[in-house]
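Report on the structure given below.
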Amino acid sequence: MPLMMSEEGFENEEGDYHTLPRARLTRRRGGLEWFVCGGWKFLCSSCCDWLINICQRKKELKARTVWLGCPEKCEEKHPRNSIKNQKYNVFTFIPGVLYEQFKFFLNLYFLVVSCSQFVPALKIGYLYTYWAPLGFVLAVTVVREAIDEFRRFQRDKDVNSQLYSKLTVRGKVQVKSSDIQVGDLIIVEKNQRIPSDMVFLRTSEKAGSCFIRTDQLDGETDWKLKVAVSCTQRLPALGVGLLDLELNQLTKALFLALVALSVVMVTLQGFVGPWYRNLFRFLLLFSYIIPISLRVNLDMGKAAYGWMMMKDENIPGTVVRTSTIPEELGRLVYLLTDKTGTLTQNEMVFKRLHLGTVSYGTDTMDEIQSHLMNSYSQVHSQAAGNTPGSAPLRRAPSSAPKIRKSVSSRIHEAVKALALCHNVTPVYESRAGVTGETEFAEADQDFSDENRTYQASSPDEVALVQWTESVGLTLVSRDLTSMQLRTPGGQILTFCVLQMFPFTSESKRMGVIVRDESTAEITFYMKGADTAMAAIVQYNDWLEEECGNMAREGLRTLVVARRALTEEQYQDFESRYSQAKLSVHDRTLKVAAVVESLEREMELLCLTGVEDQLQADVRPTLEMLRNAGIKIWMLTGDKLETATCIAKSSHLVSRTQDIHVFRPVTSRGEAHLELNALRRKHDCALVISGDSLEVCLKYYQHELVELACQCPAVVCCRCSPTQKAHVVKLLQQHTGRRTCAVGDGGNDVSMIQAADCGIGIEGKEGRQASLAADFSITQFRHIGRLLVVHGRNSYKRSAALGQFVMHRGLIISTMQAVFSSVFYFASVPLYQGFLMVGYATVYTMFPVFSLVLDQDVKPEMAMLYPELYKDLTKGRALSFKTFLIWVLISIYQGAILMYGALVLFESEFVHVVAISFTALILTELLMVALTVRTWHWLMVVAELLSLGCYVASLAFLNEYFGKSLPESLLAMWHLMFFIVTS
């Protein structure tokens with residue numbers, strides 16, 4: 001059967017908005033005069049407009065036919081239903097990797113230098129001297145990217161290989177998620193993820209309803225009654241760390257120094273002969289000022305840091321998905337986190353019931369159970385005394401005098417209200433192995449208490465109903481028209497649902513009108529936020545105070561009230577309510593007005609407190625991050641009251657700290673007044689809604705960000721995924737500081753990708769956030785160690801490694817400059833062939849790279865004193881100051897080594913290359929040893945291995961050192977003297 005899905009009418013054509021051309025008031029110029037006087041501008045703009053219209057031309061929307069169960073009949077071609085997080089494919093891998101490498105000045109420079117060796121006039125050594133290091137760097141990068149790409153491919157394959165049942169004419173067959181096509185009939189089992197955009201055609205429920213969770217879309221783990229759901233997947237962003245950008249700037253500075261030094265050498269040479277050729281040869285001779293091994297050392301170091309993070313037993317389950325920015329964890333200033341599933345477990349637990357004069361907590365729930373049992377036993381005995389033919393009694397609340405109720409009666413009414421006023425539905429599992437049509441499936445269901453679960457649009461609702469079950473009043477069944485409760489004595493009470501008023505963000509309350517089938521009593525129950533219910537319930541002197549007390553404890557409060565209705569009152573309400581729903585104009589306002597007519601002088605029953613359980617060790621983790629100088633912002637889609645409660649309970653906002661709630665604003669004037677009010681506050685946390693945030697960003701973007709950055713904590717509630725990403729980008733633009741985003745749901749993906757460093761938590765909301773993030777963890781508390789320990793080590797080690805590699809290139813370039821100056825500024829290389837290759841690889845690579853194992857502070861001390869993290873955000877480990885210090889050290893050491901070799905070994909001048917090179921190698925090994933703060937046994941192995949490789953290679957380097965080198969090394973004390981001096 002064809003399913004027509006028309007998409008007409010959703011978008012207007014651009015042609016509807018074309019304006020009339022302006023009248024021409026001047027005479028038209030012609031020919032060359034017109035072209036010179038501005039006609040060329042008109043032609044250019046017309047061509048550009050034409051190209052833009054061609055590129056942005058919208059596809060014409062047409063009705064399409066979807067053949068259910070017969071996808072092969074569809075004429076249109078649709079993309080595959082496969083998830084792809086890969087950055088490259090087979091054709092773009094090599095070009096993409098090469099582009100990412102050569103966009104850095106360092107690698108591009110060495111590519112040009114290597115290509116220059118194909119010109120005979122510019123050749124100053126063997127080709128492998130330049131091409132071997134460059135090829136090694138590219139090979140390491142390609143291998144690393146290939147491994148990361150393969151891991152992404154494996155993760156995508158696992159998701160795309162999930163099996164689903166497909167209904168065909170031959171029955172049910174198993175099909176992979178990636179093989180699902182438009183038109184397939186898919187059977188989605190319970191607790192199974194929706195594999196694509198789908199339309200629910202039939203469910204196992206009689207009413208055709210189906211509860212789903214949209215956690216991968218909006219981050220909410222509660223169950224919702226929906227007809228269709230859309231699931232999307234975004235590709236991960238490619239991150240570049242701040243350290244890489246800083247090193248790229250230092251590389252450009254080295255290039256300027258290289259050019260300046262070459263110009264000076266040519267100038268001192270007197271510009272004799274083909275000076276431009278000599279200039280280029282000097283550029284090649286001093287090219288080691290810019291070390292080509294810098295990138296490969298840093299990349300290998302980052303891979304090592306990622307391996308250490310994943311092997312850390314204190315943060316099990318950590319996965320490094322982007323191995324290019326581990327040092328970013330040590331530079332963070334702003335941490336933006338989601339609430340649901342990130343700071344909290346999204347598991348609600350009933351904590352407090354307050355009746356005005358008495359309060360019950362978790363340790364006194366047994367008293368409620370005994371009161372409820374006594375109350376229902378009395379009701380049952382009274383009902384048994386009535387004659388079967390007697391008519392049910394009805395109350396007239398308007399005329400009845402107010403009588404002080406007993407505690408048991410008040411508890412009975414409060415618990416019954418909580419058991420009836422909700423949108424919870426009990427669900428029973430089918431027996432094992434039973435599948436089939438709806439009627440048979442229902443007959444084979446197990447209705448025992450152990451097999452019952454609750455589904456609702458909010459976890460708060462489920463927590464309340466579960467609590468009523470724990471004290472004895474159980475919701476056993478529900479449909480659209482009735483509910484059944486079981487009393488502590490086992491009796492079944494049936495209530496007819498007359499009207500249902502769902503919760504909305506505007507009203508902040510929900511209600512239900514029910515009729516007790518046994519007594520025919522009609523009751524209107526309502527519950528909601530204290531701000532909405534305070535004006536509805538009867539006067540009292542305890543509600544506001546107790547709500548504040550519970551909020552300070554971090555509990556989410558709900559006010560519960562009721563109103564008894566006579567049959568005449570309900571019939572009058574129903575007629576007005578039905579008439580309002582049929583109104584053509586202002587239907588919503590009229591319906592709300594009719595409902596509000598019931599919401600008057602309602603009897604206050606109780607105040608409930610529900611706690612959203614926090615993740616393990618959230619409070620100490622947030623305190624550690626604050627002590628580390630990191631400002632924490634919470635961006636959530638929840639309502640303001642809920643976000644404020646969690647901010648207090650998690651200690652994101654301290655108990656003694658003031659909270660400034662930004663009032664809802666809709667205009668520029670209102671935003672201006674609220675910003676002025678915020679400006680007058682000092683040291684207070686800011687709570688702002690998404691709508692107010694949008695208005696302020698439209699008119700006072702800079703002022704809002706400036707004031708918000710001064711607050712110790714910021715909570716943004718009712719934020720959409722787009723707004724979350726926008727806030728991250730604003731912080732980056734206005735502060736220039738590094739940001740980190742933490743989330744666990746699909747609605748956090750945009751925020752995670754917008755941040756400089758994204759951390760995803762694998763939780764109940766799926767793996768969208770963890771797959772799109774740079775780092776994946778299993779619990780929020782792991783962030784503390786990830787930042788203050790691994791972030792510190794990664795940044796410190798990368799900074800030391802980068803500067804030491806640059807020092808290694810500067811010192812040998814200084815020696816080359818001294819050598820050329822002594823020999824009349826000749827553009828002749830000091831070291832050739834394997835000496836240059838070996839110097840940057842086997843002779844010094846292992847000790848230098850062993851710096852990735854160094855640590856200035858032990859992990860225990862870094863966790864104990866998180867204040868040490870503050871110094872990292874200032875970037876002092878790698879700056880122009882430290883860079884200049886290393887430059888001066890390199891110039892001093894290079895000059896001493898070269899002049900020492902020329903002066904002390906003047907009688908053995910023929911061996912000056914061997915002597916100076918030996919002194920250079922020993923100096924580098926000694927410098928590494930002096931730089932190390934904490935020794936590791938692999939560092940000792942690296943030092944001895946490099947020294948052994950050099951000593952062993954002396955026997956094979958006769959081409960450079962000569963055969964009489966051992967005799968020249970008899971004067972070792974001369975050699976050691978100027979090594980120590982350097």
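The figures that follow rest on heavy atoms only: side chains count, while hydrogens, waters and symmetry mates do not. Keep in mind the model is a prediction, meaning the values are calculated, not measured.
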Original post:
Counting heavy atoms not belonging to Glu867, are there more than 12 under 6.0 Å from its CD?
Top reply: yes

Subject >> Shortest non-hydrogen contact from Asp744 toward Ile761 >> reply: CB-O, 3.3 Å

Subject >> Side-chain touch Val514/Leu498, heavy atoms, less than 4.5 angstrom >> reply: no

Distance-only donor-acceptor hits, side chain of residues 622-630, under 3.5 Å, sequence neighbours excluded:
residue : atom : partner : partner atom : Å
Arg626  : NH1  : His651  : O            : 2.7
Arg626  : NH2  : His651  : O            : 3.1
Asn627  : ND2  : Glu623  : O            : 3.2

**OP:** Mind checking salt bridge (charged side-chain N to carboxylate O under 4.0 Å, His left out) for Glu603 and listing every partner two or more places apart, or none if nothing turns up?
**Re:** Lys405, Arg562

Original post:
Considering residues at least two apart in sequence or located in another chain, which fulfil the side chain to side chain contact (heavy atoms under 4.5 Å, CB included) criterion with Met500?
Top reply: Asn423, Arg478, Met510, Val512

Subject >> Gln732 versus Thr739, side-chain donor and acceptor atoms under 3.5 Å >> reply: yes

Original post:
What are the two closest heavy atoms between Leu614 and Ile646, and how far apart are they?
Top reply: CD2-CG2, 4.4 Å

**OP:** Hey, could you give me the CD1/CZ distance between Ile759 and Phe775, rounded to the nearest 0.5 Å?
**Re:** 7.0 Å

Original post:
How many angstroms lie between atom CD of Glu574 and atom CD of Gln499, to the nearest 0.5 angstrom?
Top reply: 6.0 Å

Original post:
Hey, are Glu599 and Arg509 close enough for a salt bridge, meaning a charged N less than 4.0 Å from a carboxylate O?
Top reply: yes

Original post:
Do Leu693 and Phe662 pass the side chain to side chain contact (heavy atoms under 4.5 Å, CB included) test, and can you show the C-alpha distance, the side-chain angles, and the key distance before you say yes or no?
Top reply: CA-CA 9 Å; Leu693 178 67; Phe662 205 91; over 6 Å; no

**OP:** Hey, could you give me the CZ/OH distance between Phe524 and Tyr570, rounded to the nearest 0.5 Å?
**Re:** 11.5 Å

Subject >> side chain to side chain contact (heavy atoms under 4.5 Å, CB included) assessment of Leu652 paired with Ile632 >> reply: CA-CA 8 Å; Leu652 176 65; Ile632 305 169; 3.5 Å; yes

Subject >> Inter- and intrachain pairs under side chain to side chain donor-acceptor pair (under 3.5 Å), touching residues 578-593, at least two apart >> reply: none

Original post:
With a 4.5 Å heavy-atom cut-off, do Val728 and Lys724 have their side chains touching?
Top reply: no

Original post:
So, for Tyr454 and Leu475, which heavy atoms are closest and what is the spacing to 0.1 Å?
Top reply: OH-O, 3.4 Å

Subject >> All pairs passing side chain to side chain donor-acceptor pair (under 3.5 Å) where residues 681-692 contributes a residue, at least two apart >> reply: His660-Lys681, Ser689-Ser692

**OP:** Please check if the distance between the ring centroids of Tyr577 and Phe501 is under 6.0 Å.
**Re:** yes

**OP:** Using modelled atom types only, decide if a donor and an acceptor are shared between the side chain of Glu674 and the backbone of Arg663 within a distance under 3.5 Å.
**Re:** yes

**OP:** Measure the CH2-SG distance between Trp633 and Cys740 for me, rounded to the nearest 0.5 Å.
**Re:** 14.5 Å

**OP:** Walk me through it: do Val714 and Val727 pass the test side chain to side chain contact (heavy atoms under 4.5 Å, CB included)?
**Re:** CA-CA 11 Å; Val714 177; Val727 171; over 6 Å; no

Original post:
In chain order, what residues pass the side chain to side chain contact (heavy atoms under 4.5 Å, CB included) check against Ala534, with sequence neighbours excluded?
Top reply: none

**OP:** Could you give me the CA-CA distance, side-chain angles and deciding distance for Leu598 and Gln569, then say whether side chain to side chain contact (heavy atoms under 4.5 Å, CB included) is met?
**Re:** CA-CA 9 Å; Leu598 288 181; Gln569 288 176 331; over 6 Å; no

**OP:** Give the minimum heavy-atom separation between Pro721 and Ser750, together with the two atoms involved.
**Re:** O-OG, 2.9 Å

Original post:
Just by distance, do the side chain of Asp617 and the backbone of Gln615 share a donor-acceptor pair under 3.5 Å?
Top reply: no

Original post:
Would you find a donor on one side and an acceptor on the other, under 3.5 Å apart, between the side chain of Arg619 and the backbone of Ser649?
Top reply: yes

**OP:** Using a 4.5 Å cut-off on heavy atoms from C-beta on, say whether the side chain of Ile522 contacts that of Ile513.
**Re:** yes

Original post:
Once you round to the nearest 0.5 Å, how far does CG of Asp530 lie from CE of Met550?
Top reply: 10.5 Å

**OP:** Please answer whether the main-chain N or O of Cys696 pairs with a side-chain N or O of Glu703 as donor and acceptor at a distance below 3.5 Å.
**Re:** no

Subject >> Those residues that, when tested against Gln723, pass side chain to side chain contact (heavy atoms under 4.5 Å, CB included) (two or more places apart) >> reply: Glu694, Cys719, Ser720

**OP:** Side-chain contact test, heavy atoms from C-beta onward, threshold under 4.5 Å: evaluate it for Phe350 versus Met365 and give yes or no.
**Re:** yes

Original post:
Among all residues two or more places apart in sequence or in another chain, which pass the salt bridge (charged side-chain N to carboxylate O under 4.0 Å, His left out) test with Arg556?
Top reply: Asp460, Asp612

Subject >> Student check: side-chain heavy atoms of Asp338 and Leu635 closer than 4.5 Å >> reply: no

Original post:
Taking Glu670 for the side chain and Thr666 for the main chain, is one N or O donor matched with an acceptor at less than 3.5 Å?
Top reply: yes

Subject >> Gap separating the CH2 atom of Trp542 from the NE2 atom of His354, nearest 0.5 angstrom >> reply: 6.5 Å

**OP:** Identify, with sequence neighbours excluded, every residue that meets salt bridge (charged side-chain N to carboxylate O under 4.0 Å, His left out) alongside Lys351.
**Re:** Glu611

**OP:** Quick one: which residue pairs count as a ring pair (Phe, Tyr, Trp, His ring centres under 6.0 Å) with a foot in residues 704-725, not counting sequence neighbours?
**Re:** none

Subject >> Member of Lys527, Gln466, His422 meeting the side-chain hydrogen bond (donor to acceptor under 3.5 Å, both in side chains) criterion with Glu461 >> reply: Lys527

Subject >> Arg331/Asp756 ion pair, N-O < 4.0 Å >> reply: no

Original post:
Do Val465 and Trp467 have side chains that get closer than 4.5 Å, going by heavy atoms?
Top reply: no

Subject >> Of all pairs that satisfy ring pair (Phe, Tyr, Trp, His ring centres under 6.0 Å), the ones with a partner from residues 691-715, not counting sequence neighbours >> reply: His672-Tyr700, His702-His734

Subject >> Side chains of Leu686 and Leu678 in contact at under 4.5 Å (non-hydrogen atoms) >> reply: yes

Original post:
Quick one: does Lys631's side chain have a donor or acceptor within less than 3.5 Å of a partner on Leu335's backbone?
Top reply: no

Original post:
Would you call Arg679 and Leu707 a side-chain contact if the rule is heavy atoms closer than 4.5 Å?
Top reply: yes

**OP:** Of all the heavy-atom pairs spanning Ala456 and Val424, show the shortest one and how long it is.
**Re:** CB-CG2, 3.6 Å

Subject >> Option among Thr557, Leu558, Leu464, Leu555 that satisfies the side chain to side chain contact (heavy atoms under 4.5 Å, CB included) test with Val610 >> reply: Leu464

Original post:
Closest approach of Cys757 and Leu332, non-hydrogen atoms and distance?
Top reply: CB-CD2, 4.2 Å

**OP:** Apply side chain to side chain contact (heavy atoms under 4.5 Å, CB included) to Ala417 and list each qualifying residue two or more places apart in sequence or on a separate chain.
**Re:** Tyr525, Val560, Leu605

